[in-house]
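Order of the sequence lines sets the chain letters (A, B, ...), proteins ahead of strands, with each chain counted from 1.
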Protein chains: 2
Amino acid sequence: MGKKKETITIYDVAREAGVSMATVSRVVNGNPNVKPVTRKKVLETIRNMGYRPNAVARGLASKKTTTVGVVIPDISSAFFAELTRGIEDIANMYHYNIILCNSDLKKEKELRLIETLLEKQVDGLLFLGGEVTDEHRDIFAGSSVPIVLAATYDDEDESRPYVTIDQVQAAKDATSVLIEEGHDKIGLIGGPLTDPILGYPRYQGYKEALEEKGLPLREEWVRLGDYRYHSGLQSAKELLTGDEAPTALFVINDEMAVGAIHAAQDLGKKVPDDVSVIGFDNIPLADQVRPLLSTVAVPMYDIGAVAMRLLTKYMNDEPIQENQVLLEYRLELADSTLTKETQTG
Amino acid sequence: MGKKKETITIYDVAREAGVSMATVSRVVNGNPNVKPVTRKKVLETIRNMGYRPNAVARGLASKKTTTVGVVIPDISSAFFAELTRGIEDIANMYHYNIILCNSDLKKEKELRLIETLLEKQVDGLLFLGGEVTDEHRDIFAGSSVPIVLAATYDDEDESRPYVTIDQVQAAKDATSVLIEEGHDKIGLIGGPLTDPILGYPRYQGYKEALEEKGLPLREEWVRLGDYRYHSGLQSAKELLTGDEAPTALFVINDEMAVGAIHAAQDLGKKVPDDVSVIGFDNIPLADQVRPLLSTVAVPMYDIGAVAMRLLTKYMNDEPIQENQVLLEYRLELADSTLTKETQTG
DNA sequence: CTGTTAGCGCTTTCAT
DNA sequence: ATGAAAGCGCTAACAG
C-alpha cells in the first residue's frame with residue numbers, strides 16, 4: 001500500500017530550488033520575509049517534489065506539537081461525545097489536533113494516559129469528568145504543560161482551571177420544579193455517593209431542595225444507579241411499587257430518567273399524570289422519548305468548547321480573565337412534568 | 001501552572017548515573033542487553049531525577065510515533081462514537097494513541113485532515129464512513145503509511161483494506177422481515193441516494209427485496225431523510241397520512257426509525273399492530289424506546305476494533321490473511337415488528 | 001531578504 | 001554489556 005517513498009526533506013527542496021533550508025522553512029511557515037519571486041519558486045518545487053513537512057521534526061525543534069491530549073471517561077457516552085465534539089471543533093479552529101483517550105474513570109488508567117500524553121509532548125491537556133486525586137496533582141505539578149479540567153473540578157487546588165456547571169444548584173433547581181408542582185413525595189434515582197463529580201453533588205442538591213421546603217428525605221425513596229438506562233428502569237420499578245410510592249422522581253441523568261419513564265409506563269402509570277419525572281443533562285435522548293423529558297439542560301458542547309478555548313489561551317500566553325468557569329444551565333421543561341417555565345442558574 | 005522545569009534529558013540521566021546515553025536508552029526501551037545492576041542504577045536515577053522520555057525526539061529518531069490518525073464523520077453520532085470506542089480500545093491494547101478528527105463528511109475537510117495527520121507522521125490511518133474519491137486515492141497513494149477504511153469501502157480500488165458489513169444484503173434482509181410478516185405495503189425512509197456508503201446501498205437492498213417478492217416499489221411510499229430523528233418523525237408523518245398509507249416501514253437508521261415510531265403514535269397508530277417499523281444499526285436508542293425497536297444489529301464496536309487490529313498488522317508487518325472484511329450483522333427482532341426470529345448474513 | 005550553523009532529545013549502527 | 005558518534009528533519013538565532 002503506497003510506494004516506499006524515500007522521504008524528501010526540506011534540504012532536498014532547498015537544493016532543488018537553489019535556496020537555503022532556512023528560506024524553504026520560511027516559505028513553509030508563511031514567514032513574510034521572503035521575496036515573492038523566491039517564494040513562488042520554492043512553492044513550485046515543493047509541489048513538484050511532493051514535499052510534505054515533517055511535523056515531528058518541527059515539534060522537536062520548535063518544542064510545539066500543536067496537539068493537545070484529551071482524557072475522557074468514555075467516548076461512547078452521549079454526554080462526553082457531545083463534549084468532545086465541542087473540544088475538537090475549537091481545537092480545529094485554532095489548528096490543534098487532539099489525542100483522545102478513554103479512561104473509564106479508572107484512576108490508574110487516567111494516570112497512565114496522562115503520563116503518555118505528556119511524553120508525547122502535547123501542548124496542553126484536557127482532563128474530563130474524573131476525580132482529581134493527590135496522584136493527579138503530583139503529575140500535574142511535575143509538568144509545565146497547561147492543564148484544564150472540564151465537567152469536573154479540583155476542590156483541593158484552588159488555582160486549577162476548570163469549566164463545568166454548578167451541579168448542586170442545578171440539582172436543587174430540578175428538585176424544586178417537582179416541589180413547586182405540588183409534589184411532596186419526591187424520589188431520587190442518583191449515582192454512587194462516592195462519586196464526587198456527579199453522584200454526590202446532585203444528591204446534595206436534591207437534599208437541600210427538600211430541606212429548604214421542609215420536606216422529608218425518605219431513604220426508601222432513594223435509589224442509587226450506575227447512570228445507565230437499565231439502572232434507571234430497574235430503580236424506578238422498585239421505587240414506584242407499593243402504596244407509599246413517590247409521585248415524582250428526580251433522576252440525575254437522562255438515560256436513567258428515560259428508563260424511569262418506561263418503568264412507570266410498564267407499571268401502568270401515566271407520566272406525568274401519575275408520576276412526574278425530571279432528568280439531567282439534556283442529551284438527544286431527552287427529545288426522543290414520549291413524553292418528552294423535562295431535564296436540566298447542561299451545555300455539553302459549550303463546556304468542551306470553552307475549556308478548549310481556555311486551554312488555547314494558556315498555550316499561547318494570552319491574558320486570562322477567568323480560569324474557573326461555571327457555565328449556565330437551563331431547566332428544559334417538557335412533557336414529563338406538568339409546569340411550564342424556564343429558569344436559569 | 002507547573003514550574004518551568006528545565007527539561008531533563010536522557011543525557012542528564014546518563015551523566016548522573018555514570019553510563020552512556022545508549023545504555024539509558026536501552027533501559028528505557030526494555031532492551032535486555034543491560035546488566036541487571038546497571039539497569040537498576042539507571043532506573044533509580046530516572047526516578048530520582050523525574051526523567052520523562054520525549055516521544056517526539058524518539059519519533060524523529062526511530063520514525064515511529066505509535067500514533068494513528070482517525071478521520072470520522074462525527075463523534076457525536078452514537079454510531080461513530082461506538083465505533084471509535086472499539087478503535088481506541090484496540091489501539092490502547094497495542095500501545096497506540098489516536099488523533100481523532102471530525103470530518104462532517106466534507107470532502108475538503110477530510111483531505112485537509114488526512115494531510116495534517118500524515119504530516120504528523122502517524123504510523124497508520126483509519127478513514128471512516130466517507131466516500132473515497134480520486135483525490136482521496138491520490139493522497140493515499142502518495143504516502144507509504146498504511147490506511148484502512150472502516151464503515152466504508154472503495155469500489156474503485158480493489159486492494160484498499162476495509163472493514164464494514166454488506167449494506168445491501170442487510171437492507172434486503174430487513175425489508176424481507178416485513179414482507180414475511182405479511183406486509184405488501186412497505187414504505188422506506190432512506191438517506192440521500194447520492195450517499196454511496198449508506199443512502200444508496202440501503203435503498204438498493206429495499207428495492208431488491210421488493211422486486212424479488214414481486215412487490216411494487218411505489219414512489220409515494222419513499223421518503224429520503226437526513227439520518228436524524230426529526231427527519232424520521234417528519235417523513236413518517238407524511239407517509240402514514242392518507243388512505244393508501246404503508247403498513248410497514250423500513251427505516252435505514254435507528255434514529256429516524258424511533259422518530260417514525262413516535263410519528264405513528266402521534267397519529268394514533270399502534271406499533272406494531274397498525275404499522276410495523278424496522279430500523280438499522282442497533283444503537284442504544286433502539287433499546288430505549290417503547291415498543292423496543294426491531295433493527296439490523298451492526299457490530300459497530302467490532303468494525304472499529306477489527307479495523308484497528310488490521311491496521312496494527314500493517315504497521316508491524318504482520319502477515320495478513322484477509323484485508324477486506326465484511327462483518328456479520330444480525331436481525332434483532334424486538335417489539336416494533338411482529339415476527340420473532342433471528343437471521344444472520 | 002537570505003544563508004550558516006547549532007542544536008532539539010533520542011535511536012541506532014558500529015566498535016570495543 | 002556498554003560507549004561513541006552520526007544522524008532523524010526542522011527551527012531559530014545570528015550574520016550579512
Could you check how far [atom1] of [X] sits from [atom2] of [N], rounded to whole Å?
{"X": "B:Glu119", "N": "D:dC10", "atom1": "CD", "atom2": "P", "result": "10 Å"}
{"X": "A:Arg15", "N": "D:dG9", "atom1": "CZ", "atom2": "P", "result": "13 Å"}
{"X": "B:Asn31", "N": "D:dG3", "atom1": "CG", "atom2": "C1'", "result": "14 Å"}
{"X": "B:Lys63", "N": "D:dG7", "atom1": "NZ", "atom2": "P", "result": "13 Å"}
{"X": "B:Ile10", "N": "D:dT2", "atom1": "CD1", "atom2": "P", "result": "15 Å"}
{"X": "B:Arg26", "N": "D:dG3", "atom1": "CZ", "atom2": "P", "result": "8 Å"}

Completion exercise
Interatomic distance, CD1@A:Ile139 vs CD@A:Glu135, rounded to 0.5 Å, equals 9.5 Å
Problem - Main-chain N/O of A:Arg160 paired with A:Gln324 side-chain donor or acceptor, under 3.5 Å - result: yes
Problem - Contacts of type ring-ring contact (aromatic ring centres under 6.0 Å, His included), residue B:Phe127, not counting sequence neighbours - result: B:His136
Problem - Residues B:Thr67 and A:Lys120: side-chain donor-acceptor under 3.5 angstrom - result: yes
For residues [X] and [Y], report the shortest heavy-atom separation together with the two atoms involved.
{"X": "B:Thr38", "Y": "B:Val34", "result": "CB-CG1, 3.9 Å"}
{"X": "B:Phe80", "Y": "B:Ile75", "result": "O-CD1, 4.3 Å"}
{"X": "B:Ile303", "Y": "B:Ala151", "result": "CG2-N, 3.8 Å"}

Exercise for the section: Anything under 4.0 Å to a heavy atom of chain B counts; send over the first and last such nucleotide of DNA chain C, read 5' to 3'. Expected result: C:dG9 to C:dT12
Please determine if a side-chain N or O atom of [X] lies less than 4.0 Å away from the OP1 or OP2 oxygen of [N].
{"X": "A:Tyr51", "N": "D:dC10", "answer": "yes"}
{"X": "A:Ser25", "N": "D:dT11", "answer": "yes"}
{"X": "B:Thr38", "N": "D:dT2", "answer": "yes"}

Practice task
Tell me what B:Val19 touches on the nucleic acid: a base, only sugar-phosphate, or nothing, going by heavy atoms under 4.0 Å.
Solution key: sugar-phosphate
Exercise for the section: Quick one: label A:Asn33 by what it contacts on the DNA or RNA (base, sugar-phosphate, nothing), any heavy atom closer than 4.0 Å. Expected result: base
Practice task
Please determine, for the side chain of A:Asn54, which listed nucleotide (D:dA12, D:dT11, D:dC10) has the closest atom?
Solution key: D:dC10
Fill in the blank from the handout: Taking D:dT11, D:dA1, D:dC14 as options, the one with an atom nearest any side-chain atom of A:Asn29 is D:dT11
Fill in the blank from the handout: When B:Pro32 and A:Ala22 are each assigned the nearest nucleotide of DNA chain D, the 5'-most assignment goes to B:Pro32
Fill in the blank from the handout: Per nearest nucleotide of DNA chain D, the residue lying toward the 5' end, B:Ala61 or B:Arg39, is B:Arg39
